[in-house]
Amino acid sequence: MKRILVTGGAGFLGSHLCEKLLSQGHAALCLDNFFTGREENIAHLRSHPAFTVIRHDVTQPLTGVEVDEIYNLACPASPPHYQHDPIHTMKTSVLGALNLLEMAKAQGAKIFQASTSEVYGDPSVHPQPESYWGHVNPIGIRSCYDEGKRAAETLFFDYHRQHGVRIKVVRIFNTYGPRMDPNDGRVVSNFIVQALRGQDLTIYGDGSQTRSFCYVDDLIEGFIRLMNSDDAVTGPINLGNPGEFTMLELAEKVRALTSTGSKLTFKPLPQDDPKQRRPDITQAGQILGWQPAVPLEAGLRHTIEYFRRHA
């Protein structure tokens, strides 16, 4: 049994990861400040003897805890949440990475960074391979998240080169599934909640911008495979579903699956919103033997059922 720390463990992705680690026989230490993490995401895990909750903010050093592995998922990931307090968002990415890397260095622990496709910005290369350096506005309203995650990657690789810390860096593309926050402002949850409430589905811009949607179970499988790979495999590695859909196509799928009478309403495109987003997952396939298995329609059905019960 490994003792594994999951920061952001009460969040959408973190709760699924904790659940998976417990099912594999490990001890999961869920660390969260509950800014965007939710108690209901982990309530079903509370009674598990190998599950521990630590209320803590990663911008502060963590002491008195010994672990074998660290998954760093701590950071608000939707624009409304990370723009609410952009300075703290940047601190979470940069100081959080620094504190956890120091912990990994001191304890000889292996450490995983949940980075993001947002490091590519509004890309001029499509699809986006890991070798692409990105097209990011360093002073825009999304910069606290984009540049924070880019700086965290820099810290991870410098700790690896300078101190020999064993690192794993993944770049996450749009992910959806049960336990998404209905108010997090992401397009899948927005469309589903609006459709279930009989409200118009809000599309920003003309709806021609594209995203690729990966179901949460597929993503967590990729996390585990990367963490368990040879120490020489550091990443960054893209994880996401290369199936590409316009916002209009997604809206129509949600309308059909919810049997809603909702119409579409259009609003201006937010500043620095990427026009295209699709991962090149060649490395994930070659190195990890990973590829997504859940088609969009099947994943949407699971997600819609969750929101029917919880939204």
Side-chain angles (χ1 to χ4, degrees), residues 6-19 30 32-43 57-58 72-86 88-90 92-93 96 114-118 141-146 148-149 172-197 199-205 209 211-220 239-241 245 247 250-251 253-254 258 262 265 267 269-274 277 296 299-300 302-311:
V6 179
T7 71
F12 163 46
L13 298 181
S15 62
H16 283 277
L17 178 58
C18 286
E19 189 174 68
C30 165
D32 211 295
N33 67 354
F34 290 92
F35 172 61
T36 56
R38 298 188 296 162
E39 173 61 39
E40 64 194 79
N41 288 342
I42 56 171
D57 191 312
V58 295
N72 182 27
L73 278 60
C75 191
S78 71
H81 288 158
Y82 65 63
Q83 291 169 9
H84 173 73
D85 187 346
H88 193 266
T89 296
M90 178 69 86
T92 299
S93 287
S115 190
T116 172
S117 61
E118 298 298 333
I141 60 173
R142 301 170 67 103
S143 306
C144 59
Y145 185 68
D146 302 359
K149 289 289 191 177
I172 302 168
F173 284 68
N174 289 63
T175 303
Y176 69 100
R179 299 187 207 142
M180 294 183 81
D181 184 341
N183 301 309
D184 73 357
R186 298 191 226 197
V187 65
V188 172
S189 52
N190 276 358
F191 283 174
I192 292 174
V193 170
Q194 288 172 337
L196 293 177
R197 292 175 179 170
Q199 301 170 345
D200 290 347
L201 274 59
T202 304
I203 292 180
Y204 295 93
Q209 66 270 36
R211 295 292 185 273
S212 304
F213 301 101
C214 184
Y215 190 63
V216 61
D217 290 357
D218 286 333
L219 187 78
I220 297 303
L239 289 182
N241 194 318
F245 297 89
M247 297 301 94
L250 177 66
K253 283 185 178 293
V254 170
T258 56
S262 299
T265 184
K267 293 187 177 182
L269 198 65
Q271 180 186 340
D272 298 328
D273 192 63
R277 187 58 59 74
L296 180 61
L300 285 175
H302 293 311
T303 310
I304 289 166
E305 180 56 34
Y306 170 81
F307 279 115
R308 282 192 197 277
R309 298 193 309 268
H310 294 88

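Every heavy atom of this structure was used, including side-chain atoms; hydrogens, water molecules and symmetry mates were not.
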Any sub-3.5 Å donor-acceptor pair from Thr265's side-chain atoms to Leu201's backbone N or O? no
Do Asn190 and Thr202 pass the side chain to side chain contact (heavy atoms under 4.5 Å, CB included) test, and can you show the C-alpha distance, the side-chain angles, and the key distance before you say yes or no? CA-CA 8 Å; Asn190 276 358; Thr202 304; over 6 Å; no
Could you grab the distance from atom OG1 of Thr303 to atom CZ of Arg308, nearest 0.5 Å is fine? 12.0 Å
One pair to check against side chain to side chain contact (heavy atoms under 4.5 Å, CB included): Phe35 and His88. What are the steps and the verdict? CA-CA 11 Å; Phe35 172 61; His88 193 266; 5.9 Å; no
Any donor-acceptor pair under 3.5 Å from Thr175 side chain to Phe173 backbone: yes
Tyr215 and Pro178: which non-hydrogen atoms are nearest, and at how many Å? OH-CD, 3.3 Å
With a 3.5 Å distance limit and no angle check, can you tell me whether Ser212 reaches the backbone of Arg277 through a side-chain donor-acceptor pair? yes
Locate the shortest heavy-atom distance separating Val216 from Gly177; write the atom from each residue and the value. CG1-CA, 4.2 Å
Compare all side-chain heavy atoms of Thr89 with those of Cys75 and state whether any distance is below 4.5 angstrom. yes
Validation row: Asn33, Thr92 side chains within 4.5 angstrom (heavy atoms): no
I want to check something: taking the side chain as every heavy atom from C-beta on, are His81 and Asp181 in contact at a cut-off of under 4.5 Å? yes
Could you tell me if His302 and Asp217 have a donor-acceptor pair between their side chains, going purely by distance under 3.5 Å? no
Indicate the atoms forming the closest heavy-atom contact of Tyr204 with Gln209, along with that distance. O-NE2, 2.6 Å
I want to check something: taking the side chain as every heavy atom from C-beta on, are Phe245 and Lys253 in contact at a cut-off of under 4.5 Å? yes
Donor-acceptor under 3.5 Å (Asp32 side chain, Ala10 main chain): yes
Non-hydrogen atoms of Gly9 and Ile42 that approach each other most closely: O-CG2, 3.7 Å
Once you measure the plane-to-plane angle for Phe12 and His16, does it fall in the parallel (<30°), tilted (30-60°) or perpendicular (>60°) bin? perpendicular
Just verifying a value: how many Å separate Phe191 CZ and Met247 CE, rounded to the nearest 0.5 Å? 6.5 Å
Atom OG1 of Thr116 and atom CG of Leu239: how far apart are they, to the nearest 0.5 Å? 11.5 Å
Looking at Val188, Thr258, Ile192, which one forms a side chain to side chain contact (heavy atoms under 4.5 Å, CB included) with Phe307? Ile192
Check the pair Ile220 / Glu19 against side chain to side chain contact (heavy atoms under 4.5 Å, CB included), numbers first and verdict last. CA-CA 10 Å; Ile220 297 303; Glu19 189 174 68; over 6 Å; no
Ile141 side, atom CD1; Tyr82 side, atom OH - distance, nearest 0.5 Å: 8.0 Å
Distance in Å, Phe213 CZ paired with Leu296 CG, rounded so as to fall on 0.5 Å steps: 7.0 Å
Backbone N/O of Tyr176 and side chain of Arg186: donor-acceptor pair under 3.5 Å: no
Under 4.0 Å between a side-chain nitrogen and a carboxylate oxygen: does that hold for Glu118 and Lys149? no
Report yes or no: does Ser262 contribute a side-chain atom to a donor-acceptor pair with the main-chain N or O of Gln199 at less than 3.5 Å? yes
Distance check, rounded to the nearest 0.5 Å: Thr36 atom OG1 versus Asp184 atom CG? 9.0 Å
